[in-house]
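Accompanying notes for the structure given below.
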Amino acid sequence: SQMRRQPGSAFKTFAYLAAIASRRATPATLLLDSPVKIKLSGDEIWEPQNYDERFRGRVTLRESFERSLNVPTVRLTQDIGLRRVVNTAEHFGFQHVEAVPAMPLGVGEVSMRELTTAYTAFPNLGERVEPFLLRRVTDPRGKLLFEREMKPKKRVADANAVYVMHTLLRGVVRRGTATRLKRYGLGYVAGKTGTTNDYRDAWFVGYTADMVTSVWVGFDRGAPLRLSSSEAALPVWGAYMSATPHTASNPKPPQGVTFRDIDPESGMLWQDGCPGPIREVFLDGTAPTR
């Protein structure tokens, strides 16, 4: 609750959710992964880089998120507006979110409590759960001395947009930066890795139907780990969750989403002769029609 560190790419989830909820982007939207220059205050220019310092050209929004690409993320949030991302993050309970171009990459500091609480909205399709430590206290004879008043869940986002985001978080484990979890028999979970500049912080925040768990690995004074989140945080998360009872299921699709077969190279509807197909999910009315 007191430690505040950069969440890195674990914060991208809220930027992508803002884009999906705006209906200006879908998982099949094509983003450009190529050099970009962002003008900051004064004459300073920022040129964001991907972690592997490579550029891939056109990628789908899904591929960008699952591979945790920085440059398409920056381009996407510039397109939808940083204020939209800030508003989404604040609805999820984050405080002191600054509207700077690098904000979607997780450069602001958060506590583990903030980050974990925010992710409770994904298995609950947009309803955030407030965490607490004590449920009840009794004396040695069983007399009730204290019982916590259960607070209702708080609606922080539309269920349909959150479900689409959930499928992207599932994709991180199925094909993206968290595939290592399959070694632990946890290929059914969803979540997001987070690695910060100079490999100072390694995160994984993941969830099942009834459990959200966050792991952070780093040094108190911020010395570089020289390990990515998949190398440092995932083994801890995987070992813990494989030994902890939980429900291995996923949210069911709400009524406001549509599934279509998509050509992964064009982001358009699939037809015979195209690569794929990929079964993709969209908010009603946002699926491609050609």
Could you work out, with ring-ring contact (aromatic ring centres under 6.0 Å, His included) as the rule, every residue matching [X], not counting sequence neighbours?
X: Y16; value: F65
X: Y207; value: H166
X: F282; value: none

If we ignore hydrogens and angles and just use 3.5 Å, is the side chain of [X] paired with the main-chain N or O of [Y] as donor and acceptor?
X: D198; Y: R200; answer: no
X: W203; Y: T196; answer: no
X: W46; Y: L40; answer: no
X: W237; Y: V205; answer: no
X: N50; Y: V71; answer: yes
X: R128; Y: G93; answer: no
X: T120; Y: T116; answer: no

Donor-acceptor contacts, no H, no angles, side chain residues 137-149, under 3.5 Å, sequence neighbours left out:
{"unit_1": "D139", "atom_1": "OD1", "unit_2": "R141", "atom_2": "N", "d": "2.9"}
{"unit_1": "D139", "atom_1": "OD1", "unit_2": "G142", "atom_2": "N", "d": "2.9"}
{"unit_1": "D139", "atom_1": "OD1", "unit_2": "K143", "atom_2": "N", "d": "2.8"}

Mind jotting down which residue pairs meet the ring-ring contact (aromatic ring centres under 6.0 Å, His included) criterion with at least one end in residues 75-106? Sequence neighbours excluded, please.
->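 Sorted result for residues 75-106: F11-F94, F14-F92, F14-F94, F92-F122.
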- Mind checking side-chain hydrogen bond (donor to acceptor under 3.5 Å, both in side chains) for E231 and listing every partner two or more places apart, or none if nothing turns up?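 Residues passing side-chain hydrogen bond (donor to acceptor under 3.5 Å, both in side chains) with E231: S228.
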Original post:
Can you list the residues that meet the side-chain hydrogen bond (donor to acceptor under 3.5 Å, both in side chains) rule with R5, with sequence neighbours excluded?
Top reply: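 R5: side-chain hydrogen bond (donor to acceptor under 3.5 Å, both in side chains) contacts with D201.
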- prompt: Among all residues two or more places apart in sequence or in another chain, which pass the side chain to side chain contact (heavy atoms under 4.5 Å, CB included) test with T208?
  reply: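 So T208 forms a side chain to side chain contact (heavy atoms under 4.5 Å, CB included) with Y188, V189, D210, M211, M241, H246.
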Sort and list the pairs that fulfil salt bridge (charged side-chain N to carboxylate O under 4.0 Å, His left out) and have at least one residue in [range], not counting sequence neighbours.
range: residues 245-271; result: D261-R279
range: residues 12-24; result: R24-D79
range: residues 111-125; result: R4-E114, R113-E130
range: residues 173-183; result: E66-R175

Inset, instruction - Identify which one of V173, L115, V172 satisfies the side-chain contact (heavy atoms from CB on, under 4.5 Å) criterion when paired with K192. - result: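 Of the listed residues V173, L115, V172, the side-chain contact (heavy atoms from CB on, under 4.5 Å) partner of K192 is V172.
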*Interatomic distance, I20 atom CD1 to T26 atom OG1 [nearest 0.5 angstrom]*: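 So the gap between those two atoms works out to 8.0 Å.
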